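Each ligand, and each atom within it, is numbered from 1 in the order the structure gives. Side chains are part of it too, since the values below use all heavy atoms of this structure and drop only hydrogens, waters and symmetry mates. Computed from a prediction, not measured in an experiment: that's the story for all the values here.
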Amino acid sequence: LALLWHDRLLKAVRKRATRGDPQSVISAIDHFCRHNEWAMNVGDEKGSILDSVVSEVNPEKVLELGTYCGYSTVRIARLLPPGARLITLEFNVDYAAIARQVIAWAGLEDKIQLVEGASEDWIPRMKEHFGIETFDFVFLDHWKDRYLPDTKLMEDCGLLRKGTVLLADNVICPGVPDYLEYVRNSLSYKSCYFKSHLEYTKAEDGLEKSVFLG
Ligand SMILES: O=C(NCCCCCn1ccc2cnccc21)c1cc(-c2ccc(F)cc2)cc(O)c1O
Ligand SMILES: [Mg+2]
């Protein structure tokens, strides 16, 4: 069933969106998820907050944990300056296959590297495998019980620098209480909450922006 849903999503993107136009891909996915079938994209409301944080940071090197169908990947990549790079990790091979096609339709392949696998396996290999020293911006949107351990892992691997911005989805729904407690109480982070709603619903959710202080 999941594969059928993905085919329907891709068909909607191909039907409604213009190839090479990221904004039309974003709108097509939002329309499909609002009117046809709900999906766990960050969505248009939280997506606007994501846009404003990405524009403010204007990052050269971005890590996204949780590609899903590529919606937030396209949202972020369309705002990046020339030469900037986005590495996005996806554990589920079916999601990754869909995301590659969504990213291609948006015409953003040159800025994006989609890697299949688990964050705990790939975070320690960012330096030697991708030549990344540190990230400027990290979007956390994967398994909610991995936000905290992976943040600590990124710290330990030296992937965060003074000023690196972490933006975490779903801090209310499904919720990431251990992560929130950590970034809000740690002296190494300056954290703030952007109240919003769970994608395409009226339920409360929000994004937590945390600046690493080094
Ligand atoms: O579960 C969510 N996302 C994670 C999906 C799996 C990620 C797997 N994965 C990807 C990269 C990766 C790297 N390493 C390890 C694992 C990795 C999620 C759920 C909801 C939601 C669902 C039902 C409901 F009733 C309310 C809310 C809403 C969201 O916005 C979400 O993001
Ligand atoms: Mg999410």
Side-chain angles (χ1 to χ4, degrees), residues 1-3 5-6 9 26 29-30 32-34 36-51 53-54 62-77 86-103 112-126 129-130 132 135 137-157 159 165-180 183 193-210:
L1 187 68
L3 271 175
W5 171 82
H6 288 136
L9 174 79
I26 291 163
I29 294 173
D30 282 329
F32 179 80
C33 295
R34 195 174 285 284
N36 298 65
E37 300 176 56
W38 185 88
M40 60 183 173
N41 317 107
V42 73
D44 44 357
E45 193 180 313
K46 288 186 287 178
S48 301
I49 299 167
L50 170 63
D51 288 357
V53 175
V54 170
V62 177
L63 175 62
E64 176 181 61
L65 300 175
T67 315
Y68 191 40
C69 61
Y71 174 89
S72 50
T73 323
V74 166
R75 277 205 89 111
I76 296 167
L86 190 164
I87 295 173
T88 182
L89 289 188
E90 181 47 58
F91 182 76
N92 180 304
V93 293
D94 295 328
Y95 294 166
I98 300 299
R100 290 188 199 286
Q101 296 178 75
V102 167
I103 289 163
I112 295 163
Q113 211 157 348
L114 197 164
V115 181
E116 294 173 30
S119 46
E120 62 184 300
D121 299 333
W122 278 103
I123 285 172
R125 301 175 60 198
M126 282 297 156
H129 203 271
F130 298 101
I132 295 271
F135 286 105
F137 179 77
V138 182
F139 182 53
L140 296 93
D141 193 20
H142 61 328
W143 285 333
K144 307 315 163 192
D145 61 0
R146 287 299 313 176
Y147 283 29
L148 181 53
D150 285 343
T151 296
K152 290 181 172 173
L153 186 56
M154 286 188 285
E155 287 174 22
D156 297 344
C157 295
L159 287 170
V165 171
L166 307 185
L167 189 66
D169 189 26
N170 309 119
V171 295
I172 303 298
C173 176
V176 280
D178 60 344
Y179 173 82
L180 273 192
V183 290
Y193 174 60
F194 293 84
K195 182 179 164 84
S196 183
H197 295 95
L198 177 68
E199 46 269 27
Y200 317 113
T201 76
K202 293 187 171 25
E204 182 180 347
D205 189 21
L207 302 169
E208 186 82 0
K209 176 191 170 191
S210 308

Residues Asp150, Arg146: salt bridge by 4.0 Å N-O rule: yes
Ligand 1 atoms in contact with Gly66 (distance to a heavy atom under 4.0 Å): 10 (C), 11 (C)
Short N or O distance, Thr67 and ligand 1, threshold 3.5 Å exclusive: no
Protein heavy atom at shortest distance from atom 5 (C) of ligand 1: Met40 CE, 3.6 Å
Min heavy-atom dist Asn92 to ligand 1 below 4.0 Å: no
Region of Arg146 engaging ligand 1 - heavy atom pairs below 4.0 Å: neither
Glu120 heavy atom under 4.0 Å from ligand 1: no
NZ/NE/NH1/NH2 to OD/OE distance under 4.0 Å, Asp141 and Lys144: yes
Flag: protein heavy atom within less than 4.0 Å of atom 25 (F) of ligand 1: no
Per-residue contact class, Leu198 against ligand 1 - non-hydrogen pairs under 4.0 Å: side chain
Check: Trp38 N/O within less than 3.5 Å of ligand 1 N/O: no
Tyr68 N/O/S atom closer than 2.8 Å to the Mg ion (ligand 2): no
Test item, Gly117 contacting ligand 1 (heavy atom, 4.0 angstrom): yes
Location of contacts on Asn170 toward ligand 1, heavy atoms closer than 4.0 Å: side chain
Glu199 near the Mg ion (ligand 2) via N/O/S, less than 2.8 Å: no
Distance from atom 13 (C) of ligand 1 to nearest protein heavy atom, with residue and atom: Ser119 N, 3.4 Å
NZ/NE/NH1/NH2 to OD/OE distance under 4.0 Å, Glu116 and Arg100: yes
